[in-house]
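Following: one structure in structure tokens, then a few remarks.
Heavy atoms only: backbone and side chains are in, while hydrogens, waters and symmetry mates are out. Predicted, not measured: the structure shown is a model, and the values here were computed from it. Below, read A as the first sequence line, B as the second, and so on, with proteins coming before strands; counting in each chain starts at 1.
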Amino acid sequence: MPRSDHVNGTPEASTSVDFIREIVVSDHKAGRHGGRVCTRFPPEPNGYLHIGHAKAICLNFGIAVEHGGLCNLRMDDTNPATENKEFVRAIEQDVRWLGFEWSDRFYYASDYYERLYDCAVTLIEKGLAYVDDLQGEEVSQYRGRWDEPGRNSPHRNRSVEENLDLFDRMRAGEFDDGSRTLRAKIDMSASNMNMRDPTIYRIRRQPHYRRANEWVIYPTYDFTHPLSDAFEQVTHSLCTLEFEDHRPLYDWYLKALDWVDPPRQIEFARLNLTHTVLSKRKLLELVSGGHVDGWDDPRMPTLSGMRRRGYPPAAIRDFCDRIGIAKANSMVQVAQLEDAVRQELNQRASRVMAVVEPVKVVIENYPEDQIEELDAINNPENEIAGTRKIPFSRELYIERNDFREDPPKKFFRLAPGREVRLRYAYFVTCRDVVKDEAGNVVELRCTYDPETRGGYAPDGRKVRGTIHWVSAAQAISAEVRLYDHLFTAEHPEDIPDGHDYKATLNPASLDRRTDCWVEPSLADPMTGACYQFERLGYFCVDPDSRKDHLVFNRTITLRDTWARMQNKAGHNRKHPLEKK
RNA sequence: UGGGGCGUCGCCAAGUGGUAAGGCGCGGGACUUUGAAUCCCGUAUUCGAAGGUUCGAAUCCUUCCGCCCCAACCA
């Protein structure tokens with residue numbers, strides 16, 4: 001029993017927090033930043049948000065909520081070449097969908113361009129920045145290497161007046177793209193490469209999606225970011241590990257501009273997930289290369305893809321809580337995410353019956369024209385969800401793999417001469433198997449026991465198997481899209497040199513079934529609604545769905561110990577390109 | 001090769017000198033009109049390694065090993 005339990009007297013209070021929250025809590029307690037807590041989520045609108053961003057969103061918005069603070073949503077748009085409005089729209093939608101709200105604190109770095117320009121002028125005036133005429137290759141030559149100091153640019157010692165004049169003319173468009181830059185005057189021999197006179201402004205004749213042709217010079221990330229944070233009075237600026245090296249520069253800019261009560265940058269490890277990729281470059285490649293059907297393809301790790309797939313936002317938030325925040329590079333197993341999704345859906349999803357791969361069953365001793373209405377429970381996890389009526393008749397569909405002509409050991413489902421329970425209906429026994437010329441099973445002839453209505457045997461006899469079904473005459477036809485991991489490789493990015501990660505794309509990641517049957521209660525579902533198709537998994541209504549053509553996405557399967565038992569025979573599905 | 005980080009169970013991850021939380025996964029069992037859910041039980045004598053300090057070390061010191069990031073006018 002941890003000692004803290006006794007100290008604060010609450011036995012369950014040993015909830016540990018991550019190192020960032022620890023810092024924020026202690027800053028808050030110490031009354032730093034005037035007792036305020038303000039974070040921000042600063043995506044660049046050059047792609048769609050993915051599950052890795054969700055981690056950052058939950059962290060930033062979560063911390064703000066925990067302290068009665070604020071979290072800003074800011075478009076970090078300083079590179080007009082890659083950014084656009086569609087991405088801004090999608091980002092807003094996804095953050096909102098995830099369950100967070102920023103009211104009027106929606107900002108654009110591009111709204112700060114004038115102010116940033118003024119800051120740059122101040123740096124020049126203080127002798128801390130200069131206009132450099134070195135270009136591309138020369139710059140990197142002068143920068144030196146890790147183990148050798150760089151050299152000062154020959155233009156490093158221009159007068160303040162000359163710098164001011166040149167910088168003004170850069171803005172006015174007097175110089176060609178790339179011909180000059182504004183650089184911070186720091187230290188060309190710094191061991192941290194970021195401090196070797198980093199670029200502040202570059203010349204780019206590139207129309208901006210919001211500022212059009214207003215500017216021909218654009219500020220760099222390293223300059224823009226600390227100042228944007230400062231302008232917005234952010235207190236804690238949380239970012240990923242690769243920016244750790246940039247922190248001295250982040251602090252330098254704020255110090256150079258005499259910023260009072262500057263924000264503090266803290267870095268944490270970004271998320272990696274098995275069986276997928278999370279780099280913007282690769283996601284873009286999957287979309288533009290047509291390997292998936294857009295950013296919101298249900299197989300994508302994007303938030304819009306997950307939304308379409310039927311992942312509840314609460315499950316994603318729960319997942320982010322579970323994985324925690326730390327500084328060690330990590331690779332989270334996708335099973336962790338899937339478990340969060342199942343847990344959420346198990347509570348929420350209405351149970352219905354649907355048959356994805358149908359085989360017809362005829363109940364020989366059931367009256368030809370009779371239809372019964374049977375009671376079915378909507379959600380055993382939630383009593384107030386109530387019950388519904390489902391029709392039963394002489395002709396039904398059951399799942400093809402719930403029948404085996406030659407059943408293996410421990411197979412509890414239907415087989416010649418075997419009795420099973422049709423869920424909420426009757427016990428039936430298979431009497432005959434009808435096949436086509438090719439030997440495929442096309443129909444099962446069964447008999448039912450009228451005494452077992454509702455699925456109960458008055459004589460107390462047991463059946464091991466209960467299978468789902470739909471009544472053929474009332475069933476509604478539907479398309480069902482079954483999804484699997486986008487990559488068969490557990491670590492698609494970790495493959496031998498000379499190979500393309502796309503070679504590990506899973507050819508079976510999408511399996512469209514067009515001849516499925518669902519129970520009549522599903523006649524007119526709302527887009528996005530989620531269901532559990534009993535014994536199959538969780539499904540949601542795809543936006544492609546129409547009243548006369550229902551389309552369901554399989555969000556995730558149910559746990560399937562039977563399938564696992566069968567697979568145990570040793571074949572793991574490791575991709576041939578996977579290492580070791 | 002210089003700088004910055006990180007190494008605790010298969011995967012995440014607590015732990016902050018007092019004798020290794022928790023979750024996922026996995027294995028076993030109970031229950032079962034979803035082979036689901038639920039419920040039990042089991043899963044690190046040891047914290048990258050080796051030395052040292054200490055009554056006591058995952059936590060402190062030393063050395064070593066391994067992994068990640070950095071030489072864009074990307075973010």
Q) Whole-Å distance between B/G5 P and A/Gln265 CD? A) 12 Å
Q) Between A/Lys280 (NZ) and B/A72 (P), how many Å, whole number? A) 21 Å
Q: Return yes if the base of B/U38 and the side-chain atoms of A/Glu381 contain a donor-acceptor N/O pair under 3.5 Å, otherwise no.
A: no
(Q) Any strand counts, and the cut-off is 3.5 Å on both contacts for Watson-Crick or G-U wobble. Which nucleotide pairs with B/G7? (A) B/C65
(Q) Both conditions, 6.0 Å and 45 degrees, for the charged tip of A/Arg151 above the ring of A/Tyr142: are they met here? (A) yes
(Q) Using a 6.0 Å distance limit plus a 45 degree cone around the ring axis, check whether A/Arg74 lies over the aromatic ring of A/Tyr108. (A) no
Q.
Parallel, tilted or perpendicular, judged at 30° and 60°: which one describes the rings of A/Tyr426 and A/Tyr448?
A. perpendicular
Q: For salt bridge (charged side-chain N to carboxylate O under 4.0 Å, His left out), just list the numbers for A/Asp375 and A/Lys389, CA-CA rounded to whole Å, side-chain angles, deciding distance to a tenth of an Å, and then say yes or no.
A: CA-CA 5 Å; A/Asp375 291 309; A/Lys389 298 287 188 189; 2.8 Å; yes
Q. For the side chain of A/Ser16, counting heavy atoms from C-beta on, which of B/G35, B/G15, B/A75 is nearest?
A. B/G15
Q.
With the threshold set at under 4.0 Å for non-hydrogen atoms, list the residues of residues 17-26 of chain A touching RNA chain B in residue-number order.
A. A/Glu22
Q) How about A/Glu357 and A/Tyr397: do any of their side-chain heavy atoms sit closer than 4.5 Å? A) no
Q: Determine whether the side chains of A/Glu399 and A/His468 contain a donor N or O and an acceptor N or O closer than 3.5 Å.
A: yes
Q.
Work out how far the C1' atom of B/G3 is from that of B/C60, and round it to whole angstrom.
A. 26 Å
Q. Just by distance, with hydrogens left out, do A/Asp229 and A/Tyr250 show a side-chain donor and acceptor under 3.5 Å apart?
A. yes
Q: Quickly work out the A/Gln343 CD to B/U38 C1' distance and round it to whole Å.
A: 12 Å
(Q) When you compare the side chains of A/Asp187 and A/Ser189, does any donor N or O come within less than 3.5 Å of an acceptor on the partner? (A) yes
Q: For A/His485 and A/Glu338, test the side chains for any donor-to-acceptor distance below 3.5 angstrom and give the result as yes or no.
A: yes
(Q) When the P atoms of B/U53 and B/U59 are compared, how many Å lie between them, rounded to an integer? (A) 15 Å
Q: Look at the aromatic rings of A/Trp215 and A/Tyr117 and report parallel, tilted or perpendicular, splitting at 30° and 60°.
A: tilted
Q.
From CD1 of A/Ile203 over to P of B/C74, roughly how many Å is that when rounded to an integer?
A. 12 Å
Q: Spell out yes or no: do the side chain of A/Arg247 and the base of B/G4 have one donor N/O and one acceptor N/O closer than 3.5 Å?
A: no
Q. Is it the case that A/Asn46 and A/Glu83 place a side-chain donor and acceptor less than 3.5 Å from each other?
A. no
Q.
Please name the nucleotide paired to B/C60 by Watson-Crick or G-U wobble geometry with both distances under 3.5 Å, or report none.
A. B/G52
Q. When the distance from CZ of A/Arg351 to P of B/U34 is rounded to whole Å, what number comes out?
A. 11 Å
Q) Using atom P of each nucleotide, how far apart are B/G5 and B/G42 to the nearest Å? A) 41 Å
Q: Classify every nucleotide of nucleotides 6-12 of chain B by which part a protein heavy atom approaches to under 4.0 Å, writing B for the base, S for the sugar-phosphate alone and - for neither, in 5'-to-3' order.
A: S---BSS
Q.
Taking only the P atom of each, what is the distance from B/C61 to B/C68 in whole angstrom?
A. 26 Å
Q | Base B/C73 to side chain A/Arg204, donor-acceptor N/O within 3.5 Å cut-off | A | yes
Q. For A/Phe411, which contact category applies under a 4.0 Å heavy-atom criterion: base, sugar-phosphate, or nothing?
A. base
Q. Which nucleotide, in any strand shown, forms a Watson-Crick or G-U wobble pair with B/A30, with both distances under 3.5 Å?
A. B/U38
**Q.** Nearest-Å distance for atom pair CG/C1', residues A/Leu134 and B/A72
**A.** 15 Å
Q: May I ask you to say what A/Pro380 touches in the nucleic acid, namely base, sugar-phosphate or nothing, with a heavy-atom cut-off under 4.0 Å?
A: base
Q: Assign A/Arg413 to base, sugar-phosphate, or nothing according to its heavy-atom contacts below 4.0 angstrom with the strands shown.
A: base
Q. Strictly by modelled atom types, are A/Tyr221 and A/Asn79 linked by a side-chain donor-acceptor pair under 3.5 Å?
A. no
**Q.** A/Leu249 CG to B/G4 C1', straight-line distance once rounded to whole Å
**A.** 14 Å
Q: Write down the distance separating the P atoms in B/A13 and B/U54, rounded off to the nearest Å.
A: 35 Å
(Q) Closest-nucleotide mapping onto RNA chain B: is A/Gln347 or A/Thr78 further toward the 5' terminus? I mean the 5' end. (A) A/Gln347
**Q.** Identity of whatever pairs with B/A14 - Watson-Crick or G-U, under 3.5 angstrom
**A.** none
**Q.** Closest heavy-atom pair and its distance - A/Leu345, A/Pro312
**A.** CD1-CG, 3.3 Å
Q.
For the P atoms, the ones on B/C39 and on B/G66, what distance do you get once it is rounded to whole angstrom?
A. 45 Å
Q: Would you tell me whether A/His53 and A/Tyr48 have side-chain atoms, one donor and one acceptor, within less than 3.5 Å of each other?
A: no
Q | Rounded interatomic separation in angstrom, taking CG from A/Asp187 and P from B/G2 | A | 18 Å
Between the protein and nucleotides 69-71 of chain B, list the N/O to N/O atom pairs that are separated by less than 3.5 angstrom.
residue : atom : partner  : partner atom : Å
B/C70   : O2   : A/Trp146 : NE1          : 3.2

